[in-house]
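Below is one structure, written out as structure tokens; comments come after it.
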Amino acid sequence: MSLEDVVADDIDTEAPLFNEGLGLDSIDALELGLALQKRYGVTLAADSEETRRHFASVRSLAAFVAASRSQ
């Protein structure tokens with residue numbers, strides 16, 4: 001899926017970020033992780049099972065960022 005023509009309201013926040021959901025790949029994950037680190041100061045471990053859970057969906061990623069920022 002190309003996200004160029006997708007608007008925020010079209011995204012199901014529970015849909016998986018990868019594969020059958022939004023269709024992101026490993027390069028997208030890297031770019032997204034770097035952007036989150038830069039903008040929100042969150043720390044992500046690339047090979048962590050916990051990081052995989054955070055990247056499961058938009059909702060889980062948003063919850064992780066919110067929790068990280070409130071610490």
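The figures that follow rest on heavy atoms only: side chains count, while hydrogens, waters and symmetry mates do not. Remember, predicted model here, so these are calculated numbers, not experimental data.
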Identify the residue among Leu36, Val42, Thr43 that makes a side-chain contact (heavy atoms from CB on, under 4.5 Å) with Ser68.
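Among the candidates, only Val42 passes.
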Measuring from Leu32:CG to Ile27:CD1, what's the distance to the nearest 0.5 Å?
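That separation rounds to 13.0 Å.
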What ring pair (Phe, Tyr, Trp, His ring centres under 6.0 Å) pairs are there with at least one residue in residues 14-62, not counting sequence neighbours?
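Sorted pair list: His54-Phe64.
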Kindly give the heavy-atom pair with the smallest separation between Ser57 and Ala15, and that separation in Å.
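Looking at all heavy atoms of both residues, the shortest contact is CB-O, 3.4 Å.
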Exercise: identify the closest heavy-atom pair between Leu44 and Gly33
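So the minimum-distance heavy-atom pair works out to CD1-CA, 3.7 Å.
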Side chain proximity check, Glu20 to Pro16, heavy atoms < 4.5 angstrom
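A side-chain contact under 4.5 Å exists here.
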Taking the side chain as C-beta and beyond, is there a heavy-atom pair between Asp28 and Leu22 under 4.5 Å?
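Heavy-atom side-chain distance check fails, nothing below 4.5 Å.
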Residues in salt bridge (Lys or Arg N to Asp or Glu O under 4.0 Å) with Glu14, at least two apart?
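By the salt bridge (Lys or Arg N to Asp or Glu O under 4.0 Å) rule, Glu14 matches Arg59.
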Backbone N or O of Ala45 within a donor-acceptor pair of the Thr51 side chain at under 3.5 Å?
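Looks like yes, one N/O pair under 3.5 Å.
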